[in-house]
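For clarity, every value in this text was computed on a predicted model and none was experimentally measured. Chain A is the first sequence line, chain B the second, and so forth, proteins listed ahead of strands; every chain is numbered from 1.
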Amino acid sequence: MSTALTLYNSLTREKETFTPLVEGHVGMYVCGPTVYNPAHLGNCRTFVSFDVMYRYLMARGYKVRYVRNITDVGHLTDDGEDRMSRGARLEQLEPMEVAQKFSNQFHDMLRMLNALPPSIEPRATGHIIEQIDMVREIIANGYAYEVDGSVYFDVAAYNSANDDRYGELSGRKIDELLAESRELKSQGDKRSPSDFAIWMKARDGHILRWDSPWGEGFPGWHLECSAMSTKYLGTEFDIHGGGNDLKFPHHENEIAQNVGACHHGGARYWLHTNMLLMNGRKMSKSDGNTISPEELFSGDSPHVSEGYSPMVVRFFMLQSHYRSTMDLSDEALQAAKKGYTRLLEAWNLLQGLEAKGGAQNGTVGKELTEGLAAAYAEMDDDFNTPRALARVFELVTRINALQGGQLSLEEVSAETLAAFKEGLGRLLFDVLGLKDEAASGGAEQEALDKAMQIILDLRQQARADKNWALSDQLRDALNEAGITVKDGKEGASWSI
RNA sequence: GGUUGGGUGGCCGAGUGGCUAGGCAAAGGUCUGCAAAACCUUGUACGGCGGUUCGAAUCCGCUCCCAACCUCCA
């Protein structure tokens with residue numbers, strides 16, 4: 001880890017060396033889900049990506065405060081036709097029950113994908129006071145106005161006072177937005193179509209409502225992130241992340257609100273993950289082009305031929321860079337499954353290897369050390385997991401060759417091998433967040449291991465006796481049971 | 001229409017000027033009682049047309065196609 005960490009900043013559209021505001025500490029805010037719908041796979045991709053960043057930053061020795069919000073208010077439309085409100089009414093659920101239900105589901109899903117929980121997971125409804133305060137500040141600074149119980153952000157006023165800053169993240173120009181907006185829906189009470197609500201008056205029948213200086217209402221669509229990132233990370237912090245689709249208007253407005261209230265744009269590095277596609281298109285419930293994590297794990301979907309375990313899915317995601325779109329397909333998942341299996345088997349073989357090189361390293365020992373360092377270095381380059389995995393697979397070949405005898409263990413020193421085992425394990429499991437789903441341990445696993453060893457010993461005896469009929473029978477029967485036997489120089493191994 | 005980002009070998013997917021990406025699949029070989037696994041070897045891929053350059057997938061121009069955003073969305 002001697003190289004510098006660089007990351008691509010959406011704000012500047014360049015890769016930059018990462019320098020935290022406070023040495024040794026990182027403040028990272030990631031836009032979490034809105035919990036009025038079941039989470040889908042696209043969400044997973046984004047949060048797995050940020051999970052890897054979180055893990056890598058920690059592995060690099062930073063103390064990270066990772067804030068990921070839950071938005072449980074503000075995205076409701078106020079026209080009385082809102083689907084979730086209706087759903088809540090039909091199921092006789094409180095809105096908070098709906099939010100809880102989908103929050104739980106979201107957490108379950110991320111746990112399965114082995115994503116670490118954030119340091120703080122604030123809810124929008126738990127920060128109404130902070131949001132109201134922020135609205136007040138923005139009004140006081142002259143960047144918002146109230147009309148009939150609603151408060152709107154005044155983009156024109158903001159722009160003239162801040163060097164035409166609006167649009168700095170998304171590359172949009174006010175004029176273009178205005179021109180476009182003419183064709184869109186009515187602007188209501190807004191002075192300008194590009195203005196946006198930061199506080200909405202609650203009409204009759206709207207369930208989620210709070211008292212405010214402007215009457216009963218609820219916070220605007222983008223305010224919660226500004227308020228909560230400021231509260232927990234300060235007016236200036238290191239990293240703000242989210243999906244690409246949030247860049248505009250969500251993040252653009254967030255910056256405007258932050259500057260409007262605190263004279264600071266919040267994050268210094270903006271990171272955006274790209275979309276997970278299926279059939280070349282963004283997943284979308286409306287046209288059926290979607291697959292839920294549950295369906296993917298179980299295989300209960302026309303889009304996949306079988307279920308894929310969460311770790312295969314995670315591995316699959318890590319094989320592309322977070323800033324690239326990724327196209328989900330059954331064929332690609334099959335490839336990921338095989339690749340991941342090969343990786344894990346090599347890892348397991350590695351545990352049984354013992355160095356015979358004494359204190360001296362040969363070529364192989366050097367390759368192991370350098371290959372691992374190269375893999376870590378790839379992570380320094382904007383969290384390039386696909387390249388890191390490419391380096392890892394080169395190491396997989398070495399491990400297999402050491403096991404198979406094509407490479408000699410005499411070329412590896414005990415010290416090197418021990419360090420290699422530890423370093424690779426850290427990369428695979430701590431940083432990339434993979435895990436061996438089969439090695440769940442426990443008494444049953446142990447019993448199975450022993451039973452298998454007995455069978456393999458019997459078969460080995462049969463082979464020694466050249467009783468091919470018996471040995472093949474054992475192998476075939478195990479195959480039928482879903483267990484593959486692999487004969488190696490050092491004896492047979494098996495996998496399910 | 002505007003903004004942003006793409007089009008890479010059978011599939012997925014890295015890669016910003018010359019140096020092997022990697023995974024899966026495929027072919028040949030080694031090993032093996034056989035098989036599987038493993039290991040070794042094999043792919044002159046960069047949407048199209050021009051241009052810059054000693055040299056371009058990589059830079060520039062034009063063009064075709066795709067996606068996301070511009071309305072809630074990871």
Which nucleotide wins on minimum distance to the side chain of [X], given the candidates [options]?
X	options	answer
H321(A)	rA14(B), rG23(B), rA36(B)	rA14(B)
A390(A)	rA21(B), rA68(B), rA38(B)	rA21(B)
R281(A)	rA67(B), rC39(B), rG13(B)	rA67(B)
R459(A)	rG33(B), rC24(B), rA14(B)	rG33(B)
L246(A)	rA74(B), rG33(B), rC39(B)	rA74(B)
E394(A)	rC34(B), rG22(B), rG13(B)	rG22(B)
K486(A)	rC39(B), rA37(B), rA68(B)	rA37(B)
M283(A)	rG15(B), rG5(B), rA74(B)	rA74(B)
K282(A)	rA35(B), rA21(B), rC73(B)	rC73(B)
R13(A)	rU4(B), rC39(B), rA67(B)	rU4(B)

N or O in side chain of T341(A) less than 4.0 angstrom from rG23(B) OP1/OP2: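 Checking rG23(B) against T341(A), no side-chain N or O comes under 4.0 Å of OP1 or OP2.
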
Short side-chain N/O contact from N400(A) to OP1 or OP2 of rC39(B), under 4.0 Å: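 Yes, such a contact exists.
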
Kindly say whether the aromatic ring centers of [X] and [Y] come within a distance under 6.0 Å.
X	Y	result
F106(A)	F47(A)	yes
H251(A)	H222(A)	no
F429(A)	W347(A)	yes

Please state how far atom [atom1] in [X] lies from atom [atom2] in [N], giving the value in whole angstrom units.
X	N	atom1	atom2	answer
R172(A)	rU4(B)	CZ	C1'	8 Å
Q319(A)	rA21(B)	CD	C1'	12 Å
D472(A)	rG33(B)	CG	C1'	8 Å
M317(A)	rA14(B)	CE	P	14 Å
Y340(A)	rC12(B)	OH	C1'	18 Å
K338(A)	rC12(B)	NZ	C1'	13 Å
F102(A)	rC72(B)	CZ	P	20 Å
R391(A)	rG13(B)	CZ	P	18 Å

So what does [X] hit on the nucleic acid, given a heavy-atom distance under 4.0 Å: a base, only sugar-phosphate, or nothing?
X	value
S324(A)	sugar-phosphate
G32(A)	sugar-phosphate
G242(A)	sugar-phosphate
L343(A)	nothing
Q334(A)	nothing
S471(A)	base
G280(A)	sugar-phosphate
R342(A)	sugar-phosphate

Between [N] and [M], how many Å separate the two [atom1] atoms, rounded to a whole number?
N	M	atom1	value
rA37(B)	rC24(B)	P	11 Å
rC12(B)	rG6(B)	C1'	16 Å
rG10(B)	rA21(B)	P	16 Å
rC62(B)	rG22(B)	C1'	35 Å
rA68(B)	rA27(B)	C1'	40 Å
rA56(B)	rC46(B)	P	13 Å
rG15(B)	rA35(B)	C1'	39 Å
rA25(B)	rC40(B)	P	16 Å

Closest-nucleotide ordering on RNA chain B, the 5'-leading residue of P249(A) and A469(A):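 Its nucleotide being nearer the 5' end, the pick is A469(A).
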
5′-ward residue of the pair K15(A)/F316(A) relative to RNA chain B: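 Upstream on the strand: F316(A).
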
Verify stack between W468(A) ring and rG33(B) base, 5.5 Å, 30 degrees: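 W468(A) ring centre within cut-off of rG33(B) base, planes near parallel; stacks.
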
If we call it a pair only when both distances are under 3.5 Å in a Watson-Crick or G-U wobble match, what pairs with [N]?
N	value
rG22(B)	rC12(B)
rU3(B)	rA68(B)
rC31(B)	none
rU53(B)	none

Check ion pair R342(A)-E345(A) (N to O, under 4.0 angstrom):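 Salt bridge between R342(A) and E345(A), a charged N being under 4.0 Å from a carboxylate O: no.
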
Ionic contact status for R123(A) with E224(A), cut-off 4.0 Å: no

Where A99(A) and S103(A) come nearest, the two heavy atoms and their spacing: O-OG, 2.7 Å

rA14(B) base / N384(A) side chain donor-acceptor hit below 3.5 Å: no

Option passing side-chain hydrogen bond (donor to acceptor under 3.5 Å, both in side chains) with Y322(A) (candidates T46(A), D382(A), N384(A)): D382(A)

Cation-pi, Y29(A) ring and R68(A) (6.0 angstrom, 45 degrees):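 No - R68(A) does not lie over the ring of Y29(A) by the 6.0 Å and 45° rule.
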
Cation-pi, Y8(A) ring and R323(A) (6.0 angstrom, 45 degrees):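 Yes, cation above the ring, under 6.0 Å and within 45°.
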
